[in-house]
2 protein chains.
Amino acid sequence: MYTIREVCEKTGLTSHTLRYYEKEKLLPSVGRSAGGFRQYTDEDMETLAMICCLKNTGMSLQEIAQFMTLAREGDSTLEARCEMLRKHRENVLGRMEEMQRYLDKVTCKYDCYSKRLAEYRQKQGE
Amino acid sequence: MYTIREVCEKTGLTSHTLRYYEKEKLLPSVGRSAGGFRQYTDEDMETLAMICCLKNTGMSLQEIAQFMTLAREGDSTLEARCEMLRKHRENVLGRMEEMQRYLDKVTCKYDCYSKRLAEYRQKQGE
DNA sequence: CATTGACTTAGAGTTCACTTTAAGGTTTAT
DNA sequence: ATAAACCTTAAAGTGAACTCTAAGTCAATG
């Protein structure tokens with residue numbers, strides 16, 4: 001069991017964000033202590049790791065919430081979730097390829113600017 | 001010379017977005033026809049290509065505006081712009097590496113789900 | 001020469017993903 | 001036992017990047 005503070009430290013998310021994710025159904029309702037404080041289980045931590053992974057690869061919180069809602073419905077939703085992951089993976093791959101192409105352009109621009117800068121310095125020195 | 005419509009078609013941006021970019025100083029003030037309609041030059045098109053390249057690699061519009069403002073000030077800002085590009089390129093490289101690591105996780109999750117799904121189907125078939 | 005459709009402006013509204021605020025209750029250390 | 005630190009909620013606010021609206025002007029076509 002972890003307090004919200006410990007979860008913040010482990011995940012890098014703020015407590016506000018954790019509560020927000022719970023409100024948005026990314027996480028199931030987290031258990032509480034006698035005093036009403038959240039107590040995160042290891043299972044909650046795994047769910048959070050999955051959330052971070054999906055979020056960091058560009059899935060919207062809305063879609064993550066959808067995925068997690070399906071996950072809570074059990075094995076009958078395995079196919080739907082599998083399909084979501086497959087599509088998401090395709091998207092990520094596509095974006096990475098696009099990114100690579102844009103990176104090449106940025107590199108090219110940078111080289112071009114470096115040359116112009118060298119020439120400019122030469123001229124200044126004359 | 002291109003009308004705003006032609007520029008939309010070439011860039012995939014909407015006319016609203018093009019005007020918004022101009023207001024935000026990403027583009028210099030675009031020339032006008034007798035009737036007050038925007039007329040984009042080839043130079044404007046090149047600037048737009050650069051903007052899209054920087055935007056699609058994750059530079060904020062604010063930073064792009066900064067870059068473009070420097071560009072309009074002439075060669076004395078070459079060094080500053082060169083440095084911006086260098087840093088930006090580093091950022092993009094870093095993000096791509098991070099993305100690759102997350103992609104591996106997504107792939108792993110997908111494989112795991114595929115297996116679970118196969119098992120589930122087997123069980124259903126029994 | 002009238003209508004249709006594209007263009008103009010300023011400014012308000014939207015979406016996403018938080019982030020902050022206000023007002024109060026709980027835990028822990030001294 | 002009391003202060004400091006941390007937790008709770010609901011709701012409002014923020015920043016980025018658009019996106020839409022209203023009211024009007026311009027251009028092309030039958």
- Rounded to the Å, how far apart are B:Gln39 CD and D:dC26 P? 15 Å
- Task: Grab the CG-C1' distance between B:Leu18 and C:dA6 for me, whole Å please.
- Result: 14 Å
- Does B:Tyr21 place a side-chain N or O at less than 4.0 Å from the phosphate oxygens OP1/OP2 of D:dC18? yes
- Note on the structure: Each nucleotide of nucleotides 23-30 of chain C classed B (base within 4.0 Å of a protein heavy atom), S (only sugar-phosphate) or -, in 5' to 3' order, makes --BSS---
- Message: Can you identify which nucleotide, out of C:dT8, C:dC18, D:dA17, has its nearest atom closest to the B:Ile4 side chain?
- Response: C:dT8
- Please report, rounded to the nearest Å, how far the P atom of C:dC18 is from the CG atom of A:Leu27. 13 Å
- Item | OG1-CD distance between B:Thr11 and B:Glu6, expressed to the nearest 0.5 angstrom | 11.5 Å
- Touch class at under 4.0 angstrom, heavy-atom based, for B:Lys55 against every strand present: sugar-phosphate
- Query: Counting only heavy atoms not in B:Gln122, do more than 12 fall under 6.0 Å of its CD?
  - Reply: no
- Message: Take a 6.0 Å sphere around CD of A:Gln62 and say whether it holds more than 12 heavy atoms from other residues, nucleotides or ligands.
- Response: no
- Tell me, yes or no, whether the heavy-atom count around A:Glu79 atom CD, taken from other residues, nucleotides or ligands under 6.0 Å, exceeds 12. no
- Item | Rounded distance (nearest 0.5 Å) linking atom OG1 of A:Thr77 with atom CE of A:Met84 | 10.0 Å
- Item | B:Lys23 NZ to C:dT9 P, straight-line distance once rounded to whole Å | 11 Å
- Message: Please determine whether a side-chain nitrogen of the Lys or Arg among A:Glu83 and A:Arg86 lies less than 4.0 Å from a carboxylate oxygen of the Asp or Glu.
- Response: yes
- Query: Taking only side-chain nitrogens and oxygens of A:Arg38, does any of them come within less than 4.0 Å of OP1 or OP2 of D:dC7?
  - Reply: no
- Close approaches to DNA chain C from residues 5-16 of chain A, in residue order (heavy atom, under 4.0 Å): A:His16
- Atom CD of A:Gln124: over 12 foreign heavy atoms under 6.0 Å: yes
- Message: Measuring to OP1 and OP2 of D:dC20, would you say a side-chain N or O of B:Arg19 lies under 4.0 angstrom away?
- Response: no
- Message: Just to be sure I understand the geometry, which residues of residues 56-72 of chain A put a non-hydrogen atom under 4.0 Å away from DNA chain C?
- Response: A:Ser60, A:Leu61, A:Gln62
- Looking just at side-chain N and O atoms, do B:Tyr102 and A:Asn56 make a donor-acceptor pair shorter than 3.5 Å? yes
- For B:Tyr20 and C:dA10, what is the distance between atoms OH and P respectively, to the nearest whole Å? 15 Å
- Message: When you group the ILVMFWY residues by side-chain heavy-atom contacts below 4.5 Å and let the links chain together, are B:Val92 and B:Met50 in the same group?
- Response: no
- In whole angstrom, what separates A:Leu54's CG from C:dC16's P? 17 Å
- Message: For D:dT25 and B:Arg32 - does any side-chain N or O of the residue sit under 4.0 Å from the phosphate oxygens OP1/OP2?
- Response: no
- Note on the structure: With A:Tyr20 as partner, the option from A:Glu24, A:Glu22, A:His16 fulfilling side-chain contact (heavy atoms from CB on, under 4.5 Å) is A:Glu24
- Query: Regarding B:Asp111 and B:Ser114, is there a side-chain donor-to-acceptor distance under 3.5 Å anywhere?
  - Reply: no
- Task: Scan side-chain atoms only and decide if A:Thr41 and A:Asp44 contain a donor-acceptor pair under the 3.5 Å cut-off.
- Result: yes
